[in-house]
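Please read the structure below before turning to the comments.
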Amino acid sequence: MKINVGDTVFANHGRSGEIINIGIATDPTDIAAELDTSLNAQTYDTDLNYVGAITYTGDTGTHWCYFDQIVSVEPKKEVD
């Protein structure tokens, strides 16, 4: 599944919101992509199976989840 900053994400813990960051881990001990060595991306295809997490903001605040906790994504609507 392809995800992009600005898309709406639905996570397996019942929360949803707009993706504000996509972090990809570069160290095997950094499964949440929190270290300074992790990479930030504007787009990512979860079929690549990298380790990392997204940060998203919704009605109940800012949250994060691992890539494998994403249930579905609604692409950002383009403005004409």
Side-chain angles (χ1 to χ4, degrees):
M1 141 182 27
K2 193 167 186 178
I3 59 174
N4 299 284
V5 170
D7 290 350
T8 299
V9 66
F10 301 88
N12 70 353
H13 48 266
R15 295 186 196 128
S16 63
E18 181 181 333
I19 298 173
I20 57 174
N21 187 60
I22 300 170
I24 299 171
T26 60
D27 183 296
T29 64
D30 182 26
I31 61 173
E34 295 175 309
L35 295 177
D36 290 339
T37 57
S38 66
L39 304 173
N40 290 317
Q42 293 296 304
T43 188
Y44 172 66
D45 190 331
T46 60
D47 291 340
L48 294 171
N49 293 317
Y50 292 135
V51 176
I54 61 165
T55 306
Y56 59 100
T57 185
D59 293 340
T60 60
T62 301
H63 307 285
W64 68 273
C65 69
Y66 297 113
F67 296 145
D68 65 357
Q69 293 176 310
I70 299 171
V71 174
S72 64
V73 174
E74 182 179 299
K76 179 181 178 181
K77 294 184 175 118
E78 295 298 323
V79 177
D80 293 332

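Just the heavy atoms: all of them, side chains too, but no hydrogens, waters or symmetry mates, feed the values below. Residue numbers start at 1 and run along the sequence shown. Nothing here was measured: the structure is a model prediction, and the numbers come from that model.
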Exercise. With sequence neighbours excluded, give me every side-chain hydrogen bond (donor to acceptor under 3.5 Å, both in side chains) pair touching residues 11-20.
Key: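 Found His13-Tyr56, Arg15-His63.
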
Closest non-hydrogen atom pair, [X] against [Y]:
{"X": "Tyr50", "Y": "Tyr44", "value": "N-OH, 2.8 Å"}
{"X": "Met1", "Y": "Ile70", "value": "SD-CG2, 3.7 Å"}
{"X": "Ala33", "Y": "Ala53", "value": "CB-N, 4.4 Å"}

Distance-only check: which donor-acceptor pairs under 3.5 Å involve side-chain atoms of residues 19-29, not counting sequence neighbours?
{"unit_1": "Asn21", "atom_1": "ND2", "unit_2": "Asn40", "atom_2": "OD1", "d": "3.3"}
{"unit_1": "Thr26", "atom_1": "OG1", "unit_2": "Thr37", "atom_2": "O", "d": "2.8"}
{"unit_1": "Thr26", "atom_1": "OG1", "unit_2": "Thr37", "atom_2": "OG1", "d": "3.3"}
{"unit_1": "Asp27", "atom_1": "OD1", "unit_2": "Thr29", "atom_2": "N", "d": "2.8"}
{"unit_1": "Asp27", "atom_1": "OD1", "unit_2": "Thr29", "atom_2": "OG1", "d": "2.5"}

Exercise. Any salt bridge (charged side-chain N to carboxylate O under 4.0 Å, His left out) involving residues 44-55? Give me the pairs, sequence neighbours left out, ordered by first then second residue.
Key: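 Non-adjacent pairs meeting salt bridge (charged side-chain N to carboxylate O under 4.0 Å, His left out): zero.
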
Practice problem: Please list, chain by chain and in numerical order, all residues satisfying ring pair (Phe, Tyr, Trp, His ring centres under 6.0 Å) with Tyr66, sequence neighbours excluded. | Solution: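 Partners of Tyr66 by the ring pair (Phe, Tyr, Trp, His ring centres under 6.0 Å) criterion, ordered by chain and then number, come out as Trp64.
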
Practice problem: Apply side-chain hydrogen bond (donor to acceptor under 3.5 Å, both in side chains) to Thr43 and list each qualifying residue two or more places apart in sequence or on a separate chain. | Solution: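 Thr43: side-chain hydrogen bond (donor to acceptor under 3.5 Å, both in side chains) contacts with Asn4.
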
Self-check item: Asp30 (side chain) donor-acceptor with Leu35 (main chain) under 3.5 angstrom
Solution: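 The answer is yes, because a donor-acceptor pair under 3.5 Å joins these two groups.
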
Indicate if [X] and [Y] have the same hydrophobic cluster label, given that clusters are the connected sets of ILVMFWY residues with side-chain heavy-atom separations under 4.5 angstrom.
{"X": "Ile54", "Y": "Phe10", "result": "no"}
{"X": "Val9", "Y": "Leu48", "result": "yes"}
{"X": "Phe67", "Y": "Val51", "result": "no"}

Self-check item: Which residues share a salt bridge (charged side-chain N to carboxylate O under 4.0 Å, His left out) with Glu74, sequence neighbours left out
Solution: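 Glu74 satisfies salt bridge (charged side-chain N to carboxylate O under 4.0 Å, His left out) with Lys77 once adjacent residues are dropped.
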
